[in-house]
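Structure record follows, encoded as structure tokens.
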Amino acid sequence: MTNAHEHRPELPALGEAELGLAEALAATRGWDDDDAEWDSADGDLTDDVVSVDGPDPEEDLTAGAQELAERHALRRVSGLRTELEDITEVEYRELRLEKVVLVGVWTEGTVTDADNSMAELALLAETAGSEVLEAVYQRRSKPDPATYIGRGKVDAIREIVQATGADTVILDGELAPSQLRNLEDRLGVKAVDRTALILDIFAQHAKSKEGQAQVELAQLSYMKQRLRGWGGNLSRQAGGRVASGAGIGGRGPGETKIETDRRRINTRIARLRRELKEMKGTRDTKRAERRRNHIPSVAIAGYTNAGKSSLLNRLTDAGVLIEDALFATLDPTTRRTTTGDGRVFTMTDTVGFVRHLPHQLVEAFRSTLEEVGDADLILHVVDGSHPDPEGQLAAVREVLADIDAGKVPELVVINKADAADPLVIGRLRSREPHSVVVSARTGEGIPELMEAIEKDLPRPGVVFEALLPYERGDLINRLHQEGEIAAMEHTADGTRISGRAHADLAGELAAYSV
């Protein structure tokens, strides 16, 4: 192989001529290109050199896009091998997917309702990081009090578990502690109900301090009634030198381990409630500031994965996380925006709802859900491409009634019009007359939605007509932001303006009334 360095110009020898800086630089010009060519010939130069001073590819990413990249950086896979094809895979070690079998009990409704419920349970399981191997359900008048499913069905599921190699069984309902224990004893694998599955998803996706505290409170409330251990060891009493052996916190030789654990959980629950009460004070202060400034608020509520965050990004450029998954975002996001005539209002993205939402979550997230109850308008987002959009509407309204938000004015937003069946859209429009059809992904229907929001926002209650001097431009600016201007004319004496304003602003305008 010919050395690529042989064609380089020789530097003049020090003995022959005096070496100057200009001559040295001229003689070495082009050496970098030769090195790159030589490295490429030997196979050592594999990638182009990237300038250190170049633009950072993450600079233009929104906060939601960065959070989504972090979430996908450590993802679960179906298999876990010890042999690595490439040493770089060590940095991206992935968690193994749990192999699960889904089990449901169909007590009412149609076969389509049962299929939709099982399909939603499969999506929840996949969101939590599971691989669904099998899904079965049975028709019963009511769940079995001992095992939730019948004795014969337990044997059939045990055979499915052994044949598929599943390590977890997920049941579509909230089971009693005794039912979970009986199922685990007979199946030989872990049994998880729908409530624990949703709590696990919330624990994975909560990012803010308040959200993590709310999820932990819900988990502890759920676990407190389900404490159990191997061989009944939670029922053992402490004996012997318990006063000196158990340490601080032991109440004596008669206390069992389950009592100690339950007392510690209660202590943690009390601490979390105090912390959430302090955080609620901060949220109430911000809400009171908006009320003092007479800023209307719009809450975006709806079923999980209906497109609430996408709609918020489309309307306000919030840049929050967007992912095609259930409960992708839990922490509420509030952004300020304006109507077409300049009025300022806020939009808040709230946590998504689901059928049979665990009551522990409703209680833990009550302070967050109060944003919906105190709003001036609710944008009820429903997925028009879902197999059962009417069921989504009913499930969300059931939760809204639980948080005393049933009397708030509601505007139904039928989202995903680009993927929905036109017949389904027509059926929903006929059932919900006060509705707008949009597509948050393509922008279809967004102008019509903004017009509907402007009409439904509360109007100022005091009618005024004033002649404002030109030095009071601050009042005109406040009228644009907080009031409603019907007519405005610039005259020699000032600006003649009429419209509607709230009581505080109308009081300041009274001095210039005509």
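For reference, positions follow the sequence shown, starting with 1. Nothing here was measured: the structure is a model prediction, and the numbers come from that model.
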Taking side chain as C-beta onward, heavy atoms only, is [X] less than 4.5 Å from [Y]?
X: I300; Y: T348; value: no
X: L411; Y: H380; value: no
X: V298; Y: L457; value: yes
X: Q179; Y: T147; value: no
X: V412; Y: V382; value: yes
X: I198; Y: F327; value: yes
X: L121; Y: L197; value: yes
X: L400; Y: V372; value: yes

Value rounded to 0.5 Å, distance of [atom1] in [X] from [atom2] in [Y]:
X: F353; Y: T304; atom1: CZ; atom2: OG1; value: 10.5 Å
X: N266; Y: L220; atom1: CG; atom2: CG; value: 9.5 Å
X: M118; Y: I170; atom1: CE; atom2: CD1; value: 9.5 Å
X: D200; Y: L124; atom1: CG; atom2: CG; value: 11.0 Å

**Request:** List the steps and the verdict of side chain to side chain contact (heavy atoms under 4.5 Å, CB included) for F202 and V351.
**Result:** CA-CA 10 Å; F202 272 58; V351 62; 3.9 Å; yes
- I would like to know whether I414 and V438 meet side chain to side chain contact (heavy atoms under 4.5 Å, CB included); could you show each step before the answer? CA-CA 6 Å; I414 305 173; V438 303; over 6 Å; no
Problem - salt bridge (Lys or Arg N to Asp or Glu O under 4.0 Å) evaluation trace for D474 with R472 - result: CA-CA 5 Å; D474 59 317; R472 294 309 308 269; 3.1 Å; yes
*Does atom CE of M223 have more than 12 heavy-atom neighbours, drawn from other residues, nucleotides or ligands, at distances under 6.0 Å?*
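No, because the 6.0 Å sphere around CE of M223 holds 12 heavy atoms or fewer from other groups.
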* Under the side-chain contact (heavy atoms from CB on, under 4.5 Å) test, which residues partner K190, sequence neighbours left out? ->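 Scan of K190 (side-chain contact (heavy atoms from CB on, under 4.5 Å), adjacent residues dropped) gives E98, T168, E184, V192.
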field: With R314 via side-chain contact (heavy atoms from CB on, under 4.5 Å) - residues at least two apart
entry: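 For R314 the side-chain contact (heavy atoms from CB on, under 4.5 Å) partners, ignoring immediate neighbours, are I446.
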Any side-chain donor-acceptor pair under 3.5 Å between [X] and [Y]?
X: T346; Y: T334; result: no
X: D115; Y: Y137; result: yes
X: D349; Y: S309; result: yes

So which heavy atom on [X] is nearest to which on [Y], and how close?
X: P433; Y: R431; answer: CD-O, 3.3 Å
X: P387; Y: N116; answer: CB-OD1, 3.8 Å
X: L326; Y: T127; answer: O-CG2, 3.4 Å
X: V424; Y: P389; answer: CG1-CG, 4.0 Å

Do [X] and [Y] sit within salt-bridge range, that is, some charged N less than 4.0 Å from a carboxylate O?
X: K416; Y: D418; result: no
X: R194; Y: D172; result: yes
X: R355; Y: D388; result: yes

Check your understanding: Between R268 and E216, does a salt bridge (Lys or Arg N to Asp or Glu O under 4.0 Å) hold up when you go through it step by step?
Key -> CA-CA 9 Å; R268 180 60 181 167; E216 184 180 359; 2.9 Å; yes
Can you sort out the partners of R271 under side chain to side chain donor-acceptor pair (under 3.5 Å), two or more places apart, ordered by chain and number?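 With sequence neighbours excluded, R271 shows a side chain to side chain donor-acceptor pair (under 3.5 Å) to no residue whatsoever.
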Let's go through L175 and T195 carefully: what are the C-alpha distance in whole Å and the side-chain angles of both, what is the deciding distance for side chain to side chain contact (heavy atoms under 4.5 Å, CB included) to 0.1 Å, and is it a yes or a no? CA-CA 9 Å; L175 276 66; T195 301; over 6 Å; no
Under a 3.5 Å distance rule, please check whether N415 uses its side chain to pair with a backbone N or O of A306 as donor and acceptor.
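Yes, because the side chain of N415 sits within donor-acceptor range (under 3.5 Å) of the backbone of A306.
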Should L133 and E131 be marked as a side chain to side chain contact (heavy atoms under 4.5 Å, CB included) after you check the CA-CA gap, both sets of side-chain angles, and the distance that decides it?
-> CA-CA 6 Å; L133 303 179; E131 180 185 4; 4.1 Å; yes
task: Evaluate the ring planes of Y303 and H386, with Trp represented by its six-membered ring, and classify them as parallel (under 30°), tilted (30 to 60°) or perpendicular (over 60°).
output: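 Because their plane-to-plane angle lies in the 30° to 60° range, the rings of Y303 and H386 count as tilted.
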As a quick check of understanding, evaluate salt bridge (Lys or Arg N to Asp or Glu O under 4.0 Å) for R397 and E432, giving each step before the final call.
CA-CA 13 Å; R397 285 169 176 161; E432 303 291 341; 3.0 Å; yes
